[in-house]
S.K.: 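Encoded as structure tokens, here's the structure I'll be asking about.
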Amino acid sequence: MVKFQFDPTKCILPYDAKELRPTKCLKCLEVCPGSLLMFRPLKEKDENGAPKFFEIHMLFKAYSKKYCPDCFKCVEICPEQAIKIII
Amino acid sequence: MCKFCRKHAKEHGKWYLNPEGYTEELFYKLNLLDRILGRKPKKVRDAYKSADAAWYPLDISKQLELVDLASKPVLGKLVRMIGNHIAIKSHSGQVVPTEDALKIVDLSHDHAVYPCMCKRLFKGQDEYKCLNFAPITDITRHTPRHWKEKRLSPEEAKAWLQDFSDKGYVHAVFWWCDMPQAICICNCDNKYCYASRPKNWYDITNVYRRAEYVAEVDPDECISCGKCQERCQFGAISYDSNGRAQVDPRICFGCGQCRGVCEQNALKLVDRNTHTIAKKIW
Ligand code: SF4
Ligand code: SF4
Ligand code: SF4
Ligand code: SF4
């Protein structure tokens, strides 16, 4: 199975209270041909109980073998070098 | 007739055409609110205040992660069995053609569209693709950070469904909590859908069941234009040695969206339940 590593110190995705989700960047989601990447909330909450920050996460990992080895688009597009894919 | 229709349709033919599935009585009988909140609400109205439709679905990744187990050689079979059981008791759906989706609008009330959670989480885009109805729309109206929603009249809801049909999105009716409580019609784009992918990739049937129909081509009418193949989100259409379109009943979901692009009217939906091959494939 492909290993997906995300560095939350390099990519910081704050909660946008108007849109009720992170709205910054998300370019990696846009380029992934298998739509394997998603955002999900980190533990820290604000005073209203909303998640403060989000991380990028890989799902359907069994399928990453099919998509990732010839791709690496998320790694290439990430302006913060926050993603590592280990085959 | 599929096993759900046998159990829940009564004289209405299909489980989702039974008006009982759209009543508030059934909704509360099935304890939906308790499940949303993860606790027993003292009073239903109190529960409205704390249900948070805006954030509740965000961290579904933990459940979705479990579907990977279905790809394991031995364990996979057991995981699929459990997954299929949980799917019936939670939030899953069945593909419906546009004509049935329109009937569901007539059976339900208090319509509102929400951004599709799949596209939101996997693309970071809010596209208004999920048509919800009461009592879900009643709950979201009462939540503190009520979900970004657009209210629609039944006529608007029908026009809006037709519009998605014209774009080739696949309609699917979803229950939440248990059969036969229907809560929404999604208009799915397979690439992002986190219901159809566990089904297509991991074979967890009940998460996203095929329609009660399957498509067939009249080869005498087909002029080999190729439009239906382009339209089919499931890759069910190929060509025979004469260049005529043919539908693989083992792949077809019966969504009927291929019909909309065929200028020859060469495609039609037939009953899956009486189709020699498709009747066993859901
Ligand atoms: S492309 Fe990089 S910086 Fe942008 S959201 Fe993805 S991980 Fe974060
Ligand atoms: S390598 Fe390609 S397929 Fe794999 S997660 Fe990144 S963008 Fe998606
Ligand atoms: S061939 Fe089947 S799955 Fe494909 S568009 Fe037609 S009805 Fe839908
Ligand atoms: S759209 Fe109609 S005419 Fe064109 S290939 Fe399909 S069945 Fe044949």
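Numbered from 1 within each chain, the chains take letters A, B, ... in sequence-line order.
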S.K.: Taking atom CZ as the centre, does B:Arg250 end up with more than 12 heavy-atom neighbours from other residues, nucleotides or ligands that are less than 6.0 angstrom away?
M.R.: no
S.K.: For atom NZ of B:Lys150, decide whether the heavy atoms of other residues, nucleotides or ligands shown that lie under 6.0 angstrom number more than 12.
M.R.: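 Count not over threshold, so no.
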S.K.: Check whether any side-chain heavy atom of A:Arg40 lies under 4.5 Å from a side-chain heavy atom of B:Leu121, and answer yes or no.
M.R.: no
S.K.: Does the pair A:Leu59 and B:Arg197 meet the rule for a side chain to side chain contact (heavy atoms under 4.5 Å, CB included), with working shown?
M.R.: CA-CA 11 Å; A:Leu59 266 186; B:Arg197 286 187 285 170; over 6 Å; no
S.K.: Does atom NZ of A:Lys45 have more than 12 heavy-atom neighbours, drawn from other residues, nucleotides or ligands, at distances under 6.0 Å?
M.R.: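 Result for NZ/A:Lys45: enclosed.
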S.K.: Is the shortest heavy-atom distance from the side chain of B:Glu65 to the side chain of A:His57 under 4.5 Å?
M.R.: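 Result yes, sub-4.5 Å side-chain heavy-atom pair found.
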S.K.: Are B:Tyr194 and A:Phe60 close enough that their ring centres sit under 6.0 Å apart?
M.R.: no
S.K.: Identify the two heavy atoms, one from B:Arg120 and one from A:Glu19, that lie closest to each other, and give their separation to 0.1 Å.
M.R.: NH2-O, 3.3 Å
S.K.: Is a side-chain donor or acceptor of B:Tyr192 paired with a backbone partner of A:Ser35 at a separation under 3.5 angstrom?
M.R.: no
S.K.: With a 4.5 angstrom heavy-atom cut-off, which part of A:Cys25 approaches chain B: side chain, backbone, both or neither?
M.R.: neither
S.K.: Do A:Lys61 and B:Asp68 have side chains that approach each other closer than 4.5 Å (heavy atoms only, starting at C-beta)?
M.R.: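 Heavy-atom side-chain distance check passes, below 4.5 Å.
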S.K.: Does a side-chain heavy-atom distance below 4.5 Å link A:Leu36 with B:Phe122?
M.R.: no
S.K.: Please check if the number of heavy atoms outside B:Lys167 that lie under 6.0 Å from its NZ is greater than 12.
M.R.: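 Yes, enclosed.
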S.K.: Restricting to non-hydrogen atoms, name the atom on B:Gly124 and the atom on A:Phe39 that form the minimum distance, rounded to 0.1 Å.
M.R.: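 Taking B:Gly124 first and A:Phe39 second, the nearest heavy atoms are CA-CE2, 4.3 Å.
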S.K.: Kindly indicate whether the side chain of A:Met38, heavy atoms from C-beta on, has any atom under 4.5 Å from the side chain of B:Ser61.
M.R.: yes
S.K.: Going by the side-chain hydrogen bond (donor to acceptor under 3.5 Å, both in side chains) test, which pairs reach into residues 64-78 of chain A, not counting sequence neighbours?
M.R.: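 Applying side-chain hydrogen bond (donor to acceptor under 3.5 Å, both in side chains) to every pair that reaches into residues 64-78 of chain A, excluding sequence neighbours, yields nothing.
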S.K.: Please report the closest heavy-atom contact between B:Trp201 and A:Gly34, naming both atoms and the distance.
M.R.: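 Closest approach of B:Trp201 to A:Gly34: CH2-O, 3.7 Å.
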